[in-house]
Engineer: 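The structure follows.
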Protein chains: 2
Amino acid sequence: MKRKPSTEATSAWIRLMRVQSRVLDCVEQDLKKAGFPPLAWYDALLELSRAPSGELRPVELERQMLIPQYSTSRLIDRLVDEGLACRRECKIDKRGQFVEITEAGRELQKRMWGAYSAAIEKYVGSKLSDADAVKLSGLLDRLGCACGEMKLPPVVNVNETSPSR
Amino acid sequence: MKRKPSTEATSAWIRLMRVQSRVLDCVEQDLKKAGFPPLAWYDALLELSRAPSGELRPVELERQMLIPQYSTSRLIDRLVDEGLACRRECKIDKRGQFVEITEAGRELQKRMWGAYSAAIEKYVGSKLSDADAVKLSGLLDRLGCACGEMKLPPVVNVNETSPSR
DNA sequence: CCCCACTCGATGCACCTGCATCAATCTTGA
DNA sequence: TCAAGATTGATGCAGGTGCATCGAGTGGGG
């Protein structure tokens, strides 16, 4: 016979969906009002800036960000159009390329982190104690493992200029 | 001086974003593979089916679903195109209209709930104990209250054919 | 060496979203 | 009663996403 999902699981699911979309909206709104591009740009710039010598293969970026290949491709287009990154040929594999963050890119990433971290503090930090935030992380991690590898840094290891959804 | 967001809050934020997008992807994939339309359709059909006499003003639907006005408008277009709902004139306010769910709509909603609930069970229920699901709900609720009213049913009250993100 | 299978990245298409704005209608208050 | 403003719902436009597919390039087995 078909198992009925527990009321608790369903309720948790509903909240997970609603709350994250609300919080995300709030954060994106704050960034937008401050005149910044979408969060996805920030994520990409952060990954690039963290890479040794500031460049990555699109394939790497894609795996880091957990977004589909075509999405990466077009995101890079936009970054390049805005002068935040540039494409460089890849000598060892002529199919491929490298994407390198520019100075403007690094600078924007840092400025965005200012607004971004403030928003996180406003919408998350101020609502949860550190202990609760840790609990939340733990519960979410268990959920995340559900479908595929999680590729998340351990709860503690979040360096100074940090996120990347 | 500017306050730096706590590492814990940032970490929780990252997990919230990543985990929900992964879990949501998984669930949507399952539904899509079973040949069903997107979850948003389900949500709308559920709201309509729950309404007394199966009809709602677009404005109501919009407020229930917490999506923008134009989004509701176009979602209704699609439902009507597929014969899942129909528009009815609103005699008391000629600007407005009623949207009524059709039999096909009710039937689809029920069939989707089968697949949907199975997916929730698979990706949430089987990963968390009921107690943990309750804890998660509680933590998320506190976050949700952060930005605007939450409009969520109390943790317990989730009736038989239930969700709606 | 060559062919086949695979990986890398781009792109055309459909659809969906956000934003701004519109026309129609309702409500308010002077 | 009537004008000003608010509310309802639709829509043109720009941009973003998913899907399928493509062409270029690589690499391994015969």
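Chain letters run A, B, ... following the sequence lines, proteins first, then strands; residues in each count from 1. Being a predicted model, the structure only gives us computed values, none of them experimental.
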Engineer: Mind calculating the distance between CG (B:Leu31) and C1' (D:dG18) to the nearest angstrom?
Structural biologist: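 Taking CG of B:Leu31 and C1' of D:dG18, I get 16 Å after rounding.
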Engineer: Give me the ring orientation class for A:Tyr116 and B:Trp13: parallel if the planes are under 30° apart, tilted from 30 to 60°, perpendicular past 60°.
Structural biologist: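 Perpendicular.
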Engineer: Name every residue in residues 69-82 of chain A that has at least one heavy atom under 4.0 Å from any atom of DNA chain C, in order of residue number, or write none if there are no such residues.
Structural biologist: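 Residues of residues 69-82 of chain A under 4.0 Å from DNA chain C: A:Gln69, A:Tyr70, A:Ser73, A:Arg74.
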Engineer: Rounded to whole Å, please give me the gap between NZ in A:Lys33 and C1' in C:dG18.
Structural biologist: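 Taking NZ of A:Lys33 and C1' of C:dG18, I get 15 Å after rounding.
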Engineer: Tabulated below should be each protein N or O lying under 3.5 Å from an N or O of nucleotides 24-29 of chain D; please produce it.
Structural biologist:
unit_1 : atom_1 : unit_2  : atom_2 : d
D:dG25 : N2     : A:Arg95 : NH1    : 3.2
D:dT26 : OP1    : A:Lys94 : N      : 3.0

Engineer: Tell me which of A:Gln97 and A:Gln29 sits closer to the 5' end of DNA chain C, going by the nucleotide each one is nearest to.
Structural biologist: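 Going by which nucleotide is closer to the 5' end, it is A:Gln97.
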Engineer: C:dT17 P sits how many Å from B:Glu62 CD, rounded?
Structural biologist: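 Rounding to the nearest Å, CD of B:Glu62 and P of C:dT17 are 14 Å apart.
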Engineer: Going by atom types alone, do A:Thr102 and A:Arg106 pair a side-chain donor with an acceptor below 3.5 Å?
Structural biologist: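 The answer is no; no qualifying pair exists.
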Engineer: Taking A:Asp132 first and then A:Lys127, would you say they form a salt bridge - that is, a charged N and a carboxylate O separated by under 4.0 Å?
Structural biologist: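 Answer for the salt bridge query: no.
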Engineer: Going through the distances and angles, do A:Val27 and A:Tyr123 end up as a side-chain contact (heavy atoms from CB on, under 4.5 Å)?
Structural biologist: CA-CA 8 Å; A:Val27 171; A:Tyr123 297 111; 3.8 Å; yes
Engineer: Just the rounded figure in Å: distance from P of C:dT25 to CD of B:Glu89.
Structural biologist: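 That distance rounds to 12 Å.
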Engineer: Rounded to whole angstroms, how far apart are CZ on B:Arg57 and C1' on C:dA24?
Structural biologist: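 My rounded result for the distance is 13 Å.
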Engineer: I need the CG-P distance between A:Leu66 and D:dT17, as an integer number of Å.
Structural biologist: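 Answer to the nearest Å: 15 Å.
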Engineer: Would a single hydrophobic cluster contain both B:Ile76 and B:Val59, if residues Ile, Leu, Val, Met, Phe, Trp and Tyr are joined by side-chain heavy-atom contacts under 4.5 Å?
Structural biologist: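 No; B:Ile76 is not reachable from B:Val59 via cluster members.
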Engineer: D:dG16 C1' sits how many Å from A:Ile67 CD1, rounded?
Structural biologist: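 Between C1' of D:dG16 and CD1 of A:Ile67: 11 Å.
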Engineer: Using whole Å, report how far CZ of A:Arg87 lies from P of C:dC8.
Structural biologist: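 Atom-to-atom, A:Arg87 to C:dC8, this comes out as 16 Å.
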Engineer: State whether B:Arg22 and B:Asp25 are salt-bridged, where the test is any N-O pair (Lys NZ or Arg NE/NH1/NH2 against Asp/Glu carboxylate O) under 4.0 Å.
Structural biologist: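 Looking at B:Asp25 together with B:Arg22, the answer is no, because their closest N to O distance does not fall below 4.0 Å.
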Engineer: For B:Ser73 and B:Gln69, indicate whether the former's side chain and the latter's backbone hold a donor-acceptor pair under 3.5 Å.
Structural biologist: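 Between the backbone of B:Gln69 and the side chain of B:Ser73 there is no qualifying donor-acceptor contact (under 3.5 Å).
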Engineer: Among B:Leu84, B:Leu45, B:Asp43, B:Leu48, whose side chain to side chain contact (heavy atoms under 4.5 Å, CB included) with B:Gln109 holds?
Structural biologist: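 Answer after filtering B:Leu84, B:Leu45, B:Asp43, B:Leu48: B:Leu45.
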Engineer: Heavy-atom nearest nucleotide on DNA chain C for A:Lys32 versus A:Glu60: which residue maps closer to 5'?
Structural biologist: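 Counting from the 5' end, the first nearest nucleotide belongs to A:Glu60.
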Engineer: May I ask you to decide whether B:Arg111 forms a salt bridge with B:Glu107, counting only side-chain N to carboxylate O separations under 4.0 Å?
Structural biologist: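 Result for this pair is yes, salt bridge flagged.
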